[in-house]
Amino acid sequence: MTIPFTQPKGLFIANRWVPGSGGSDDVINPATEEVIGSAPVGTLADAEAAIAAARQAFDTGPWPRMSRAERAAVMTAMHAGLTRRIPQLRELLIAEVGCSQHIVDAVQIGACMAHFASAIEVSLKDDSYHLPNEIVPNPMDGGATNWLGGAIVVREPVGVVSGITAYNFPFLLNLSKVVPALLAGNTLVLKPSPFTPFSALLFGEVALECGLPEGVLNVVTGGADVGAAVTTDPRVDMVSFTGSEVVGAAIMAQAAPTLKRVHLELGGKSAMIVRADADIQGAAIAAVGMLSTNCGQGCALSTRFLVHNSTRPAFVATVQAVAAGWKVGNPADPSVLLGPLIRKAQFDKVAHYVQLGLDSGATLVCGGGRPAGHDKGFFFDITVFDNVDNKSQIAQDEIFGPVGVVIGFDTDEEAIAIANDSRYGLSGGILTADAATGYQMAMKIRTGSVALNGGMAKMAFGPIGGYKRSGIGREYGPEWLKEFTNEKTVFYPLGR
Ligand code: NAD
């Protein structure tokens, strides 16, 4: 059976399909290790061609000069083109990422199409504003009459943007570069993860169909060499990156000599605080749900469970019971809740952290390796450690697998201090029967977002991003497009 979109016509540069000059690479389904297709591999020469196309489209093409309404019309057609492809896209994401179907529907596709729709709406609003009129003395002649001046502040696209993305939610992450960059009038070179090329290349097909002018969107596959090219080239004005902390820091350095704007969405090690008054069954299901979401490969997933010491034993026992009933397997089966990790290297990394946890003296509550009966695919059991020291590596590093740590606390202040004792600051949660106290605690947590009692409302409109080493800038929400624009002030005389 052929998985949709796994036979791309090439890389997408200047509205043409071009063969990748690096040949092609097999892409595997992480649940079966079977090849799902062969994808063209981009090289420095392809990156060069894509940057040139994006630069020309920005400097001389129609896109940055179109009205908001004209751009929104093309992007609305793109939204419609993607919407028509959702059934095939689902199939692709299940096979390309190994993500379970309920997460594919809710997050890999549902949430991002909602972000897309709300961004189109926001893009239509004129966000220019006037400054108050001002009377100033004539600087050349103090005896002359004063001058009267006004000013308008407008927003303009930054220019050529490089969008570089991670593998875990590829369609969402790619869309999170395409939508704001293009709606704001920029041109884009998109470089997806080498593990997930197909969900990026399909944008070429939709771009042609919706009438995007030549060079506005370019998709080049490849690895770190292509990523380095699109973050160092002087013709690129801005880099928007979603990926790991280490690569984020490297990209900042790569972009420094040419002083590009850098927008970074990086990793996390978020804490879920379970107060003594929280419902333990609900908390345990939330914890296992976090660890199993995309097999723990999610930047904003809470993987540190800070649990009040009075209920910690009950929480740990309930987590163990819930995890034992969680269905593992190939996500092609819609009842599966836990799919595989992306590749063997990620499996080995997670196994290494489990060993570090054991070496640190933490107590292994469940999991710890490959689940029984799943010999093919990169499956890893839901793994939970108790009696964890927050200073240990399993509590401080982003493992990016289904591994959670339980840390006890006695007071709310202590819970907040532990939550904040992290180099990351992406997300987090609080579970409590006392919403007002939970709200006050949320205000003291140094992260870009906090979910109170699992609160998810308005997700399609809320800005997301990091404090500390989790990133710089925000995605989504009413200000989303502003990350991809410059403010320009035009001063004018009203009278002299
Ligand atoms: P990664 O950092 O290894 O790779 C991300 C991308 O960067 C890939 O496309 C890769 O080819 C490219 N790259 C690698 N080296 C580069 C270089 N020197 N210059 C330019 N590009 C380079 O990340 P990953 O393993 O694909 O994804 C997992 C990471 O992504 C996790 O840390 C996760 O938390 C993070 N993530 C963050 C968010 C967020 O919104 N904050 C969302 C999803 C994933």
Side-chain angles (χ1 to χ4, degrees), residues 22 25 30 39 41-44 47 96-97 99 103 107-108 111-112 115 162-177 189-197 199-200 219-233 236 239-256 260 262-270 293-303 341-343 345-347 349-350 397-401 422-427 447-449 462-477 480 483:
D25 241 356
V41 178
T43 64
L44 297 185
E96 194 181 43
V97 190
C99 187
I103 300 295
V107 189
Q108 303 266 16
C112 51
H115 286 308
S162 296
I164 303 175
T165 54
Y167 70 81
N168 58 332
F169 286 87
F171 179 67
L172 167 83
L173 301 181
N174 293 331
L175 205 73
S176 300
K177 307 305 176 200
V189 178
L190 179 67
K191 201 223 65 81
S193 163
F195 299 147
T196 52
S199 46
V219 187
V220 181
T221 57
D225 55 338
V226 172
V230 300
T231 51
T232 51
D233 192 296
V236 173
V239 181
S240 179
F241 170 72
T242 302
S244 62
E245 169 202 8
V246 172
V247 174
I251 283 178
M252 227 172 148
Q254 288 162 200
K260 300 184 197 314
V262 178
H263 168 219
L264 303 173
E265 300 285 343
L266 309 177
K269 188 78 180 181
S270 300
T293 295
N294 211 9
C295 200
Q297 300 165 109
C299 55
L301 299 172
S302 290
T303 50
L341 292 161
I342 192 80
R343 292 289 183 272
Q346 192 62 21
F347 181 99
K349 179 184 166 196
V350 175
D397 293 355
E398 184 188 50
I399 299 174
F400 226 53
S422 168
R423 66 180 184 276
Y424 296 111
L426 192 56
S427 183
T447 58
S449 61
I464 302 288
Y467 283 24
K468 302 191 266 182
R469 294 183 71 90
S470 287
I472 299 172
R474 291 291 176 269
E475 266 180 344
Y476 320 126
W480 191 11
E483 292 282 350

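Whatever order the structure lists them in is the order used to number ligands and atoms, beginning at 1. Please read these numbers as outputs of a predicted model, since none were measured by experiment.
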With a cut-off of 4.0 Å, which atoms of ligand 1 are near a heavy atom of [X]?
| X | result |
| --- | --- |
| Glu265 | 37 (C), 38 (C), 39 (C), 40 (O), 41 (N) |
| Ile251 | 19 (N), 20 (C), 21 (N) |
| Ser193 | 9 (O) |
| Ala228 | 19 (N), 20 (C) |
| Gly267 | 32 (O), 34 (O) |
| Pro194 | 11 (O) |

Would you say that [X] contacts [Y] through its side chain, given a criterion of any heavy-atom pair below 4.5 Å between the two side chains?
| X | Y | answer |
| --- | --- | --- |
| Ser193 | Thr165 | no |
| Val189 | Val236 | no |
| Thr231 | Phe241 | no |
| Gln108 | Cys99 | yes |

Just need the protein heavy atom nearest to [atom], so name the residue and atom and give the distance.
| atom | value |
| --- | --- |
| atom 8 (C) of ligand 1 | Thr165 O, 3.3 Å |
| atom 35 (C) of ligand 1 | Gly243 O, 3.1 Å |
| atom 34 (O) of ligand 1 | Glu398 OE2, 2.6 Å |
| atom 27 (O) of ligand 1 | Ala166 CB, 3.1 Å |
| atom 12 (C) of ligand 1 | Ile164 CG2, 3.8 Å |
| atom 2 (O) of ligand 1 | Ser244 OG, 2.6 Å |
| atom 21 (N) of ligand 1 | Gly227 CA, 3.5 Å |
| atom 39 (C) of ligand 1 | Cys299 SG, 3.2 Å |

The reported gap from SG in Cys295 to CZ in Phe347 (rounded to nearest 0.5 angstrom) is 9.5 Å
[Y] backbone acceptor or donor facing [X] side chain under 3.5 Å:
| X | Y | value |
| --- | --- | --- |
| Ser240 | Gly163 | no |
| Glu483 | Arg474 | yes |
| Ser470 | Gly267 | yes |
| Lys191 | Ser162 | no |
| Arg423 | Gly268 | no |

Counting heavy atoms only, name the option from [options] that's nearest to [atom].
| atom | options | result |
| --- | --- | --- |
| atom 44 (C) of ligand 1 | Val247, Asn168, Val239, Leu172 | Asn168 |
| atom 7 (O) of ligand 1 | Tyr167, Tyr424, Phe241, Phe400 | Phe241 |
| atom 37 (C) of ligand 1 | Leu173, Leu266, Leu190 | Leu266 |

Side chains of Ser176 and Tyr476: any donor to acceptor distance under 3.5 Å?
yes
*Do Thr242 and Lys177 meet the criterion of a side-chain donor-acceptor pair at a distance under 3.5 Å?*
yes
Compute the shortest N/O to N/O distance between [X] and ligand 1 and return yes if it is under 3.5 Å, no if not.
| X | result |
| --- | --- |
| Lys191 | yes |
| Gln254 | yes |
| Thr231 | no |

Within the 4.0 Å heavy-atom cut-off, what Pro192 brings close to ligand 1 is backbone
* For atom 4 (O) of ligand 1, is some protein heavy-atom partner under 4.0 Å away? -> no
Of Ile399, Asp397, Leu301, the one forming a side chain to side chain contact (heavy atoms under 4.5 Å, CB included) with Lys269 is Ile399
Residue pairs meeting side-chain hydrogen bond (donor to acceptor under 3.5 Å, both in side chains), one or both in residues 293-302, sequence neighbours left out, come to Tyr167-Gln297
Report yes or no: does a heavy atom of Gly471 sit under 4.0 Å from some atom of ligand 1?
no
